[in-house]
Amino acid sequence: MDIKDIISMVFIGGGLFFFFTGVVGLLRFPDIYTRMHALGKCDTLGLLLNVVGLAIYNSSSLTSIKILFIAVFILLTSPVVTHIIAKITYDSGIKPWQKDNS
Amino acid sequence: MIDFFIFVGVLLCVLITFIFYRVFAGPTLFDRLISMGVIGTKTLVLLLLIGFIYKRPDMFVDISLVYTLLNFIGVLAITKYLRRYKTDGY
Amino acid sequence: MIVDGIIILMGYILTFLILFTFWCIFSGYFDAFHLLLGVICSIIVTIFSSHYLFPEPITIESIKRIGRFIGYIPWLIYQIIIANLQVVYLVLHPRMPINPKIITVETTLKDDISRVIMANSITLTPGTITVDIKDNTFWVHSLSDASSSGLINGDIEQKVKTTE
Amino acid sequence: MVWQLDLFLLVFIIVLAILSLVVKDLLLSIILLGGYSFFMALIYAEMGAVDVSFTEASVGAGVSTIFMIVALYFTARFVRRDVKTKKISLAGLILASLTALVMIYVADAMPDWGNPQAPAHLHISDRYIEKSQIEMATPNMVTTILADYRGYDTLGETTVIFIAGIVCLLLLGTATQRLKHNYDTKI
(Lines give C-alpha, C1' and ligand atoms only; values in the text may rest on other atoms or scores of the structure.)
Protein backbone atom coordinates (compact mmCIF):
# COMPACT_ATOMS: atom_id res chain seq x y z
CA MET A 1 0.00 0.00 0.00
CA ASP A 2 1.98 2.97 -1.25
CA ILE A 3 0.99 6.56 -1.96
CA LYS A 4 -0.11 5.83 -5.55
CA ASP A 5 -2.69 3.30 -4.38
CA ILE A 6 -4.13 5.74 -1.84
CA ILE A 7 -4.47 8.52 -4.43
CA SER A 8 -6.26 6.20 -6.84
CA MET A 9 -8.51 4.96 -4.02
CA VAL A 10 -9.49 8.57 -3.23
CA PHE A 11 -10.29 9.21 -6.90
CA ILE A 12 -12.37 6.04 -7.24
CA GLY A 13 -14.20 6.80 -3.98
CA GLY A 14 -15.04 10.29 -5.26
CA GLY A 15 -16.30 8.82 -8.52
CA LEU A 16 -18.50 6.38 -6.63
CA PHE A 17 -19.94 9.26 -4.59
CA PHE A 18 -20.92 11.14 -7.75
CA PHE A 19 -22.38 7.96 -9.27
CA PHE A 20 -24.41 7.53 -6.09
CA THR A 21 -25.80 11.08 -6.23
CA GLY A 22 -26.57 10.63 -9.91
CA VAL A 23 -28.66 7.56 -9.15
CA VAL A 24 -30.40 9.28 -6.23
CA GLY A 25 -31.22 12.18 -8.53
CA LEU A 26 -32.50 9.78 -11.18
CA LEU A 27 -34.88 8.27 -8.65
CA ARG A 28 -35.93 11.46 -6.82
CA PHE A 29 -36.38 14.15 -9.45
CA PRO A 30 -39.90 14.77 -10.71
CA ASP A 31 -39.57 14.81 -14.52
CA ILE A 32 -37.39 13.82 -17.44
CA TYR A 33 -35.60 17.17 -17.85
CA THR A 34 -34.48 17.36 -14.24
CA ARG A 35 -33.40 13.72 -14.35
CA MET A 36 -31.28 14.59 -17.33
CA HIS A 37 -29.32 17.03 -15.14
CA ALA A 38 -28.48 14.16 -12.83
CA LEU A 39 -27.40 12.04 -15.80
CA GLY A 40 -25.47 14.64 -17.76
CA LYS A 41 -23.38 15.97 -14.89
CA CYS A 42 -22.92 13.48 -12.06
CA ASP A 43 -22.43 10.58 -14.42
CA THR A 44 -19.81 12.39 -16.50
CA LEU A 45 -17.72 13.54 -13.54
CA GLY A 46 -18.13 10.21 -11.74
CA LEU A 47 -16.85 8.28 -14.73
CA LEU A 48 -14.05 10.81 -15.23
CA LEU A 49 -12.87 10.43 -11.62
CA ASN A 50 -13.08 6.62 -11.75
CA VAL A 51 -11.15 6.46 -15.01
CA VAL A 52 -8.44 8.85 -13.80
CA GLY A 53 -8.09 6.86 -10.57
CA LEU A 54 -7.65 3.60 -12.49
CA ALA A 55 -5.16 5.27 -14.86
CA ILE A 56 -3.10 6.40 -11.86
CA TYR A 57 -3.18 2.91 -10.34
CA ASN A 58 -2.06 1.31 -13.59
CA SER A 59 1.69 0.93 -14.06
CA SER A 60 2.05 0.61 -17.86
CA SER A 61 2.03 4.05 -19.48
CA LEU A 62 0.53 3.00 -22.84
CA THR A 63 -2.51 1.42 -21.17
CA SER A 64 -2.88 4.52 -18.98
CA ILE A 65 -3.02 6.69 -22.09
CA LYS A 66 -5.71 4.41 -23.55
CA ILE A 67 -7.70 4.65 -20.31
CA LEU A 68 -7.44 8.44 -20.42
CA PHE A 69 -8.73 8.37 -24.01
CA ILE A 70 -11.94 6.86 -22.62
CA ALA A 71 -12.24 9.98 -20.44
CA VAL A 72 -11.73 12.23 -23.48
CA PHE A 73 -14.39 10.36 -25.49
CA ILE A 74 -16.82 10.65 -22.58
CA LEU A 75 -16.19 14.39 -22.29
CA LEU A 76 -16.88 14.79 -26.02
CA THR A 77 -19.94 12.54 -26.30
CA SER A 78 -21.78 13.07 -23.02
CA PRO A 79 -23.05 16.64 -23.66
CA VAL A 80 -24.02 15.68 -27.21
CA VAL A 81 -26.11 12.74 -26.00
CA THR A 82 -27.74 14.85 -23.27
CA HIS A 83 -28.57 17.60 -25.74
CA ILE A 84 -29.97 15.20 -28.35
CA ILE A 85 -32.27 13.48 -25.86
CA ALA A 86 -33.38 16.85 -24.47
CA LYS A 87 -34.20 18.10 -27.97
CA ILE A 88 -36.13 14.94 -28.88
CA THR A 89 -38.05 15.15 -25.62
CA TYR A 90 -38.89 18.81 -26.19
CA ASP A 91 -39.95 18.16 -29.80
CA SER A 92 -42.29 15.37 -28.73
CA GLY A 93 -44.18 17.88 -26.63
CA ILE A 94 -43.43 16.87 -23.05
CA LYS A 95 -43.78 19.96 -20.88
CA PRO A 96 -41.23 20.60 -18.14
CA TRP A 97 -42.35 20.15 -14.54
CA GLN A 98 -43.09 23.46 -12.81
CA LYS A 99 -42.90 24.16 -9.11
CA ASP A 100 -46.35 25.79 -8.99
CA ASN A 101 -48.21 22.72 -10.24
CA SER A 102 -47.32 20.57 -7.27
CA MET B 1 -6.19 -3.51 -3.51
CA ILE B 2 -8.05 -6.33 -5.33
CA ASP B 3 -10.47 -6.58 -2.40
CA PHE B 4 -11.11 -2.86 -2.81
CA PHE B 5 -11.83 -3.31 -6.52
CA ILE B 6 -14.27 -6.16 -5.80
CA PHE B 7 -15.95 -3.99 -3.18
CA VAL B 8 -16.33 -1.13 -5.69
CA GLY B 9 -17.69 -3.57 -8.27
CA VAL B 10 -20.34 -4.86 -5.87
CA LEU B 11 -21.32 -1.27 -4.96
CA LEU B 12 -21.72 -0.48 -8.67
CA CYS B 13 -23.92 -3.57 -9.08
CA VAL B 14 -26.12 -2.38 -6.19
CA LEU B 15 -26.43 1.02 -7.90
CA ILE B 16 -27.45 -0.72 -11.16
CA THR B 17 -30.19 -2.56 -9.24
CA PHE B 18 -31.61 0.80 -8.18
CA ILE B 19 -31.46 2.16 -11.73
CA PHE B 20 -33.54 -0.83 -12.87
CA TYR B 21 -36.42 0.70 -10.91
CA ARG B 22 -36.36 3.66 -13.30
CA VAL B 23 -36.18 1.29 -16.29
CA PHE B 24 -39.35 -0.48 -15.08
CA ALA B 25 -41.28 2.54 -13.82
CA GLY B 26 -40.03 5.44 -15.95
CA PRO B 27 -43.17 7.02 -17.34
CA THR B 28 -41.74 8.04 -20.72
CA LEU B 29 -39.55 6.19 -23.20
CA PHE B 30 -36.81 8.80 -22.72
CA ASP B 31 -36.58 7.99 -19.01
CA ARG B 32 -35.87 4.40 -19.90
CA LEU B 33 -33.39 5.49 -22.58
CA ILE B 34 -31.30 7.63 -20.23
CA SER B 35 -31.50 4.95 -17.54
CA MET B 36 -30.00 2.44 -19.97
CA GLY B 37 -27.31 5.05 -20.74
CA VAL B 38 -26.46 5.36 -17.06
CA ILE B 39 -26.31 1.55 -16.78
CA GLY B 40 -23.94 1.60 -19.76
CA THR B 41 -21.46 3.89 -18.00
CA LYS B 42 -21.61 1.73 -14.87
CA THR B 43 -20.86 -1.42 -16.88
CA LEU B 44 -17.93 0.40 -18.50
CA VAL B 45 -16.34 1.02 -15.11
CA LEU B 46 -17.17 -2.57 -14.08
CA LEU B 47 -15.34 -3.88 -17.14
CA LEU B 48 -12.22 -1.84 -16.32
CA LEU B 49 -12.39 -3.06 -12.72
CA ILE B 50 -12.59 -6.70 -13.87
CA GLY B 51 -9.51 -6.03 -15.99
CA PHE B 52 -7.64 -4.80 -12.92
CA ILE B 53 -8.90 -7.72 -10.78
CA TYR B 54 -7.45 -10.16 -13.34
CA LYS B 55 -4.27 -8.00 -13.63
CA ARG B 56 -4.63 -7.81 -17.41
CA PRO B 57 -5.96 -4.24 -17.92
CA ASP B 58 -4.37 -3.92 -21.38
CA MET B 59 -6.79 -6.48 -22.86
CA PHE B 60 -9.89 -5.03 -21.25
CA VAL B 61 -9.24 -1.39 -22.14
CA ASP B 62 -9.91 -2.08 -25.82
CA ILE B 63 -13.36 -3.46 -25.03
CA SER B 64 -14.09 -0.43 -22.85
CA LEU B 65 -13.23 1.90 -25.72
CA VAL B 66 -15.63 -0.01 -27.98
CA TYR B 67 -18.26 0.20 -25.22
CA THR B 68 -17.89 3.98 -24.98
CA LEU B 69 -18.32 4.54 -28.68
CA LEU B 70 -21.18 2.04 -29.09
CA ASN B 71 -23.14 3.60 -26.24
CA PHE B 72 -22.95 6.86 -28.19
CA ILE B 73 -23.78 5.35 -31.58
CA GLY B 74 -26.71 3.36 -30.17
CA VAL B 75 -28.31 6.47 -28.72
CA LEU B 76 -27.74 8.30 -32.01
CA ALA B 77 -29.47 5.52 -33.98
CA ILE B 78 -32.46 5.44 -31.64
CA THR B 79 -32.89 9.22 -31.71
CA LYS B 80 -32.64 9.18 -35.50
CA TYR B 81 -35.57 6.77 -35.55
CA LEU B 82 -37.53 8.93 -33.12
CA ARG B 83 -36.97 12.06 -35.20
CA ARG B 84 -38.54 10.30 -38.19
CA TYR B 85 -41.48 8.80 -36.31
CA LYS B 86 -42.54 11.29 -33.65
CA THR B 87 -43.90 9.91 -30.41
CA ASP B 88 -45.91 11.54 -27.67
CA GLY B 89 -43.34 10.21 -25.25
CA TYR B 90 -44.53 6.67 -24.59
CA MET C 1 -1.71 29.12 -56.58
CA ILE C 2 1.09 27.26 -54.84
CA VAL C 3 -0.06 28.65 -51.50
CA ASP C 4 -3.57 27.26 -52.09
CA GLY C 5 -2.12 23.84 -52.86
CA ILE C 6 -0.07 23.88 -49.67
CA ILE C 7 -3.14 24.85 -47.64
CA ILE C 8 -5.20 21.97 -49.08
CA LEU C 9 -2.31 19.59 -48.53
CA MET C 10 -2.00 20.75 -44.91
CA GLY C 11 -5.47 19.35 -44.15
CA TYR C 12 -4.48 15.95 -45.51
CA ILE C 13 -1.17 15.94 -43.64
CA LEU C 14 -2.77 16.92 -40.33
CA THR C 15 -5.49 14.27 -40.69
CA PHE C 16 -2.85 11.67 -41.48
CA LEU C 17 -0.75 12.64 -38.46
CA ILE C 18 -3.74 12.49 -36.10
CA LEU C 19 -4.85 9.10 -37.46
CA PHE C 20 -1.34 7.69 -37.30
CA THR C 21 -0.86 8.85 -33.69
CA PHE C 22 -4.10 7.08 -32.76
CA TRP C 23 -2.93 3.94 -34.57
CA CYS C 24 0.37 3.92 -32.65
CA ILE C 25 -1.36 4.38 -29.30
CA PHE C 26 -4.06 1.79 -29.88
CA SER C 27 -1.97 -0.93 -31.53
CA GLY C 28 0.91 -0.84 -29.07
CA TYR C 29 3.34 -2.55 -31.45
CA PHE C 30 6.27 -0.48 -32.65
CA ASP C 31 8.01 -2.80 -35.12
CA ALA C 32 8.37 -2.01 -38.82
CA PHE C 33 5.59 -4.34 -40.04
CA HIS C 34 2.84 -2.92 -37.83
CA LEU C 35 3.95 0.68 -38.41
CA LEU C 36 3.82 0.07 -42.19
CA LEU C 37 0.30 -1.33 -41.86
CA GLY C 38 -0.61 1.79 -39.86
CA VAL C 39 0.78 4.09 -42.55
CA ILE C 40 -1.20 2.30 -45.30
CA CYS C 41 -4.47 2.32 -43.31
CA SER C 42 -4.04 5.97 -42.29
CA ILE C 43 -3.43 7.03 -45.90
CA ILE C 44 -6.54 5.21 -47.13
CA VAL C 45 -8.74 6.70 -44.39
CA THR C 46 -7.21 10.15 -44.94
CA ILE C 47 -8.06 10.15 -48.65
CA PHE C 48 -11.69 9.28 -47.94
CA SER C 49 -12.42 11.37 -44.86
CA SER C 50 -10.11 14.37 -44.63
CA HIS C 51 -12.85 16.78 -45.61
CA TYR C 52 -14.97 15.68 -42.66
CA LEU C 53 -12.33 16.65 -40.11
CA PHE C 54 -11.22 19.89 -41.76
CA PRO C 55 -14.09 21.17 -43.91
CA GLU C 56 -12.41 24.57 -44.30
CA PRO C 57 -8.83 25.20 -45.44
CA ILE C 58 -6.33 25.48 -42.62
CA THR C 59 -4.69 28.82 -41.96
CA ILE C 60 -2.34 30.02 -39.24
CA GLU C 61 -5.36 31.68 -37.63
CA SER C 62 -7.17 28.34 -37.18
CA ILE C 63 -4.09 26.75 -35.60
CA LYS C 64 -3.90 29.66 -33.17
CA ARG C 65 -7.57 29.08 -32.45
CA ILE C 66 -6.97 25.46 -31.45
CA GLY C 67 -4.32 26.75 -29.04
CA ARG C 68 -6.79 29.21 -27.50
CA PHE C 69 -9.35 26.40 -27.18
CA ILE C 70 -6.85 24.28 -25.23
CA GLY C 71 -6.43 27.26 -22.89
CA TYR C 72 -10.21 27.22 -22.40
CA ILE C 73 -10.34 23.60 -21.18
CA PRO C 74 -9.06 24.12 -17.57
CA TRP C 75 -11.78 26.71 -16.93
CA LEU C 76 -14.34 24.24 -18.32
CA ILE C 77 -13.17 21.44 -16.01
CA TYR C 78 -13.34 23.84 -13.05
CA GLN C 79 -16.91 24.72 -14.09
CA ILE C 80 -17.82 21.01 -14.42
CA ILE C 81 -16.70 20.35 -10.84
CA ILE C 82 -18.71 23.35 -9.56
CA ALA C 83 -21.71 22.13 -11.57
CA ASN C 84 -21.52 18.73 -9.96
CA LEU C 85 -21.25 20.08 -6.45
CA GLN C 86 -24.33 22.22 -7.10
CA VAL C 87 -26.32 19.28 -8.46
CA VAL C 88 -25.15 17.12 -5.53
CA TYR C 89 -26.41 19.80 -3.12
CA LEU C 90 -29.78 19.96 -4.89
CA VAL C 91 -30.16 16.17 -5.00
CA LEU C 92 -29.20 15.42 -1.43
CA HIS C 93 -31.09 18.36 0.13
CA PRO C 94 -34.10 16.87 1.95
CA ARG C 95 -36.64 19.28 0.42
CA MET C 96 -35.04 19.50 -3.05
CA PRO C 97 -35.06 23.31 -3.59
CA ILE C 98 -35.39 23.12 -7.38
CA ASN C 99 -37.30 25.54 -9.59
CA PRO C 100 -36.93 24.20 -13.13
CA LYS C 101 -37.90 26.36 -16.09
CA ILE C 102 -36.97 26.95 -19.71
CA ILE C 103 -35.28 30.26 -20.50
CA THR C 104 -34.13 31.72 -23.81
CA VAL C 105 -30.70 33.26 -24.27
CA GLU C 106 -29.66 35.44 -27.20
CA THR C 107 -26.12 35.09 -28.46
CA THR C 108 -23.90 37.20 -30.68
CA LEU C 109 -21.55 34.36 -31.61
CA LYS C 110 -21.08 34.18 -35.36
CA ASP C 111 -19.73 30.84 -36.59
CA ASP C 112 -20.98 27.31 -35.98
CA ILE C 113 -18.00 25.94 -34.06
CA SER C 114 -18.28 28.66 -31.41
CA ARG C 115 -21.96 27.88 -31.04
CA VAL C 116 -21.25 24.16 -30.62
CA ILE C 117 -18.63 24.95 -27.96
CA MET C 118 -21.11 27.29 -26.28
CA ALA C 119 -23.93 24.72 -26.32
CA ASN C 120 -21.74 21.94 -24.96
CA SER C 121 -20.34 24.25 -22.29
CA ILE C 122 -23.86 25.19 -21.20
CA THR C 123 -24.76 21.51 -20.94
CA LEU C 124 -21.69 20.76 -18.85
CA THR C 125 -21.87 23.79 -16.51
CA PRO C 126 -24.08 24.39 -13.45
CA GLY C 127 -27.66 23.18 -13.67
CA THR C 128 -28.33 24.03 -17.32
CA ILE C 129 -29.01 21.95 -20.44
CA THR C 130 -29.24 23.23 -23.99
CA VAL C 131 -32.57 22.04 -25.35
CA ASP C 132 -32.70 23.69 -28.76
CA ILE C 133 -30.84 26.16 -30.96
CA LYS C 134 -32.50 28.26 -33.63
CA ASP C 135 -30.44 30.99 -35.32
CA ASN C 136 -29.26 33.21 -32.47
CA THR C 137 -31.48 31.87 -29.71
CA PHE C 138 -30.62 29.11 -27.24
CA TRP C 139 -33.47 27.37 -25.38
CA VAL C 140 -31.95 26.39 -22.05
CA HIS C 141 -33.52 24.27 -19.32
CA SER C 142 -32.24 25.46 -15.94
CA LEU C 143 -32.57 23.56 -12.70
CA SER C 144 -32.70 26.38 -10.15
CA ASP C 145 -32.67 30.17 -9.98
CA ALA C 146 -29.01 30.33 -8.96
CA SER C 147 -27.88 28.29 -11.95
CA SER C 148 -29.61 30.43 -14.57
CA SER C 149 -28.20 33.73 -13.24
CA GLY C 150 -24.66 32.84 -14.37
CA LEU C 151 -25.94 32.28 -17.89
CA ILE C 152 -28.04 35.43 -18.19
CA ASN C 153 -25.22 37.82 -17.29
CA GLY C 154 -23.16 36.21 -20.05
CA ASP C 155 -20.05 34.81 -18.36
CA ILE C 156 -19.90 31.74 -20.58
CA GLU C 157 -20.41 33.76 -23.74
CA GLN C 158 -17.53 36.06 -22.81
CA LYS C 159 -15.30 33.04 -22.20
CA VAL C 160 -16.28 31.36 -25.46
CA LYS C 161 -15.65 34.61 -27.33
CA THR C 162 -12.03 34.57 -26.23
CA THR C 163 -11.53 31.35 -28.23
CA GLU C 164 -12.90 32.85 -31.41
CA MET D 1 -14.55 -15.80 -11.69
CA VAL D 2 -15.58 -13.35 -9.02
CA TRP D 3 -18.71 -14.87 -7.51
CA GLN D 4 -19.92 -11.63 -5.90
CA LEU D 5 -20.13 -9.94 -9.30
CA ASP D 6 -21.47 -13.06 -11.02
CA LEU D 7 -24.44 -13.21 -8.71
CA PHE D 8 -25.54 -9.70 -9.70
CA LEU D 9 -24.70 -9.97 -13.39
CA LEU D 10 -26.60 -13.24 -13.96
CA VAL D 11 -29.68 -11.82 -12.22
CA PHE D 12 -29.49 -8.68 -14.40
CA ILE D 13 -29.23 -10.84 -17.53
CA ILE D 14 -32.35 -12.84 -16.64
CA VAL D 15 -34.32 -9.72 -15.71
CA LEU D 16 -33.40 -7.93 -18.95
CA ALA D 17 -34.14 -10.98 -21.11
CA ILE D 18 -37.60 -11.51 -19.62
CA LEU D 19 -38.37 -7.79 -19.73
CA SER D 20 -37.43 -7.43 -23.39
CA LEU D 21 -39.83 -10.28 -24.25
CA VAL D 22 -42.71 -9.01 -22.14
CA VAL D 23 -42.61 -5.36 -23.20
CA LYS D 24 -45.18 -4.29 -25.82
CA ASP D 25 -43.02 -1.57 -27.40
CA LEU D 26 -40.53 -2.84 -29.98
CA LEU D 27 -38.17 0.15 -29.66
CA LEU D 28 -37.96 -0.33 -25.89
CA SER D 29 -37.33 -4.00 -26.51
CA ILE D 30 -34.38 -3.08 -28.74
CA ILE D 31 -32.98 -0.75 -26.07
CA LEU D 32 -33.26 -3.48 -23.44
CA LEU D 33 -31.61 -6.02 -25.76
CA GLY D 34 -28.71 -3.59 -26.19
CA GLY D 35 -28.30 -3.51 -22.42
CA TYR D 36 -28.54 -7.30 -22.37
CA SER D 37 -25.66 -7.52 -24.85
CA PHE D 38 -23.54 -5.18 -22.73
CA PHE D 39 -24.03 -7.37 -19.67
CA MET D 40 -23.38 -10.51 -21.71
CA ALA D 41 -20.09 -9.02 -22.90
CA LEU D 42 -19.25 -8.27 -19.28
CA ILE D 43 -19.85 -11.89 -18.30
CA TYR D 44 -17.72 -13.18 -21.19
CA ALA D 45 -14.93 -10.80 -20.17
CA GLU D 46 -15.22 -12.01 -16.61
CA MET D 47 -14.83 -15.63 -17.74
CA GLY D 48 -11.60 -14.65 -19.47
CA ALA D 49 -12.88 -14.87 -23.07
CA VAL D 50 -11.83 -11.39 -24.08
CA ASP D 51 -12.19 -11.90 -27.84
CA VAL D 52 -15.73 -13.29 -27.51
CA SER D 53 -16.56 -10.35 -25.27
CA PHE D 54 -15.19 -7.93 -27.86
CA THR D 55 -17.36 -9.52 -30.56
CA GLU D 56 -20.43 -9.47 -28.34
CA ALA D 57 -19.93 -5.79 -27.48
CA SER D 58 -19.40 -4.67 -31.07
CA VAL D 59 -21.81 -6.99 -32.90
CA GLY D 60 -24.45 -7.64 -30.24
CA ALA D 61 -24.72 -4.18 -28.79
CA GLY D 62 -23.63 -2.04 -31.72
CA VAL D 63 -24.34 -3.49 -35.13
CA SER D 64 -27.40 -5.58 -34.30
CA THR D 65 -29.04 -2.69 -32.42
CA ILE D 66 -28.66 -0.54 -35.52
CA PHE D 67 -29.88 -3.36 -37.80
CA MET D 68 -32.94 -3.89 -35.63
CA ILE D 69 -33.73 -0.18 -35.75
CA VAL D 70 -33.39 -0.28 -39.53
CA ALA D 71 -35.80 -3.24 -39.51
CA LEU D 72 -38.13 -1.16 -37.36
CA TYR D 73 -38.41 1.36 -40.19
CA PHE D 74 -40.22 -1.35 -42.21
CA THR D 75 -42.69 -2.31 -39.50
CA ALA D 76 -44.69 -0.72 -36.70
CA ARG D 77 -43.55 -0.01 -33.18
CA PHE D 78 -46.69 -1.18 -31.39
CA VAL D 79 -49.05 -4.12 -31.70
CA ARG D 80 -52.18 -3.19 -33.60
CA ARG D 81 -55.27 -3.16 -31.41
CA ASP D 82 -57.49 -5.08 -33.84
CA VAL D 83 -55.05 -8.00 -34.15
CA LYS D 84 -55.65 -10.59 -31.46
CA THR D 85 -52.47 -11.79 -29.82
CA LYS D 86 -52.04 -15.51 -29.52
CA LYS D 87 -52.35 -17.06 -26.09
CA ILE D 88 -49.51 -19.12 -24.66
CA SER D 89 -49.80 -22.64 -26.02
CA LEU D 90 -49.71 -25.38 -23.39
CA ALA D 91 -47.74 -27.85 -25.51
CA GLY D 92 -45.00 -25.30 -26.18
CA LEU D 93 -44.77 -24.42 -22.51
CA ILE D 94 -44.40 -28.08 -21.53
CA LEU D 95 -41.80 -28.69 -24.24
CA ALA D 96 -39.76 -25.64 -23.23
CA SER D 97 -39.80 -26.51 -19.55
CA LEU D 98 -38.82 -30.12 -20.29
CA THR D 99 -35.88 -28.93 -22.38
CA ALA D 100 -34.84 -26.57 -19.59
CA LEU D 101 -35.03 -29.40 -17.05
CA VAL D 102 -32.91 -31.69 -19.23
CA MET D 103 -30.33 -28.93 -19.73
CA ILE D 104 -30.11 -28.19 -16.02
CA TYR D 105 -29.71 -31.94 -15.35
CA VAL D 106 -26.95 -32.23 -17.94
CA ALA D 107 -25.18 -29.08 -16.77
CA ASP D 108 -24.41 -30.85 -13.50
CA ALA D 109 -22.16 -33.29 -15.38
CA MET D 110 -20.11 -30.52 -17.00
CA PRO D 111 -16.57 -30.02 -15.69
CA ASP D 112 -16.05 -27.03 -13.38
CA TRP D 113 -15.08 -23.69 -14.89
CA GLY D 114 -11.30 -23.45 -15.21
CA ASN D 115 -10.72 -27.07 -14.19
CA PRO D 116 -7.37 -28.20 -15.67
CA GLN D 117 -8.57 -31.84 -15.75
CA ALA D 118 -11.50 -31.00 -18.06
CA PRO D 119 -11.52 -33.01 -21.33
CA ALA D 120 -11.13 -29.86 -23.43
CA HIS D 121 -7.81 -29.11 -21.75
CA LEU D 122 -6.36 -32.62 -21.91
CA HIS D 123 -6.07 -33.81 -25.50
CA ILE D 124 -5.16 -31.33 -28.16
CA SER D 125 -4.68 -28.01 -26.34
CA ASP D 126 -1.08 -28.82 -25.45
CA ARG D 127 -0.19 -29.29 -29.09
CA TYR D 128 -1.83 -25.98 -30.01
CA ILE D 129 -0.01 -24.16 -27.24
CA GLU D 130 3.38 -25.70 -28.01
CA LYS D 131 3.39 -25.94 -31.79
CA SER D 132 1.07 -23.25 -33.16
CA GLN D 133 3.74 -20.56 -32.86
CA ILE D 134 6.29 -22.66 -34.76
CA GLU D 135 3.98 -24.12 -37.38
CA MET D 136 1.92 -21.08 -38.31
CA ALA D 137 3.87 -18.03 -37.02
CA THR D 138 0.70 -16.07 -36.24
CA PRO D 139 0.81 -14.17 -32.95
CA ASN D 140 -2.84 -14.87 -32.03
CA MET D 141 -3.45 -18.52 -31.14
CA VAL D 142 -7.23 -18.34 -31.48
CA THR D 143 -6.82 -17.12 -35.04
CA THR D 144 -4.43 -19.98 -35.80
CA ILE D 145 -6.89 -22.57 -34.50
CA LEU D 146 -9.84 -21.09 -36.37
CA ALA D 147 -8.18 -20.27 -39.66
CA ASP D 148 -5.45 -22.90 -39.98
CA TYR D 149 -6.09 -26.05 -37.95
CA ARG D 150 -9.87 -25.91 -38.43
CA GLY D 151 -9.78 -24.17 -41.80
CA TYR D 152 -12.41 -26.37 -43.48
CA ASP D 153 -14.77 -25.96 -40.50
CA THR D 154 -14.48 -22.22 -40.71
CA LEU D 155 -14.92 -22.28 -44.47
CA GLY D 156 -18.22 -24.12 -44.01
CA GLU D 157 -19.35 -21.64 -41.36
CA THR D 158 -18.47 -18.67 -43.53
CA THR D 159 -20.35 -20.20 -46.46
CA VAL D 160 -23.47 -20.54 -44.32
CA ILE D 161 -23.18 -16.97 -43.08
CA PHE D 162 -22.52 -15.72 -46.62
CA ILE D 163 -25.66 -17.46 -47.95
CA ALA D 164 -27.69 -16.08 -45.05
CA GLY D 165 -26.42 -12.59 -45.85
CA ILE D 166 -27.35 -12.92 -49.53
CA VAL D 167 -30.84 -14.17 -48.63
CA CYS D 168 -31.31 -11.26 -46.21
CA LEU D 169 -30.24 -8.80 -48.89
CA LEU D 170 -32.65 -10.35 -51.41
CA LEU D 171 -35.56 -10.21 -48.95
CA LEU D 172 -34.80 -6.64 -47.85
CA GLY D 173 -34.31 -5.57 -51.46
CA THR D 174 -37.77 -6.76 -52.50
CA ALA D 175 -39.25 -5.19 -49.36
CA THR D 176 -37.78 -1.80 -50.24
CA GLN D 177 -39.00 -2.07 -53.82
CA ARG D 178 -42.50 -2.94 -52.64
CA LEU D 179 -42.51 0.02 -50.26
CA LYS D 180 -41.34 2.31 -53.03
CA HIS D 181 -43.98 0.86 -55.35
CA ASN D 182 -46.76 1.44 -52.80
CA TYR D 183 -45.51 4.97 -52.25
CA ASP D 184 -45.49 5.72 -55.97
CA THR D 185 -48.95 4.29 -56.61
CA LYS D 186 -50.45 6.22 -53.71
CA ILE D 187 -49.32 9.49 -55.23
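Residue numbers start from 1 in every chain, and the chains themselves are labelled A, B, ... in the order their sequence lines are given, proteins ahead of strands.
- Side chain to side chain, C:Thr15 and C:Thr46 fail the donor-acceptor criterion of an N or O pair below 3.5 Å.
- No donor-acceptor contact under 3.5 angstrom links the side chains of A:Asp5 and A:Ser8, judged on distance only.
- Nearest heavy-atom pair across C:Ile133 and C:Phe138 is CD1-CE2, 4.0 Å.
- Contact annotation for A:Tyr33: both backbone and side-chain heavy atoms come within less than 4.5 Å of a heavy atom of chain C.
- Aromatic ring orientation, C:Tyr89 versus C:His93: perpendicular (interplanar angle above 60°, classes split at 30° and 60°).
- Checked against the 6.0 Å centroid criterion, the rings of C:Tyr72 and C:Trp75 qualify as a close aromatic pair.
- Contacts with chain A were tallied for C:Thr123, C:Val131, C:Asp132; C:Val131 has the most, counting heavy-atom pairs under 4.5 Å.
- Note: C:Asn120 leads C:Ile102, C:Asn120, C:Leu76 in heavy-atom pairs under 4.5 Å with chain A.
- Here A:Cys42 is the residue among A:Gly22, A:Gly25, A:Cys42 with the most heavy-atom pairs under 4.5 Å with chain C.
- The contact between C:Phe22 and chain A is made entirely by side chain atoms (from C-beta outward), counting heavy-atom distances below 4.5 Å.
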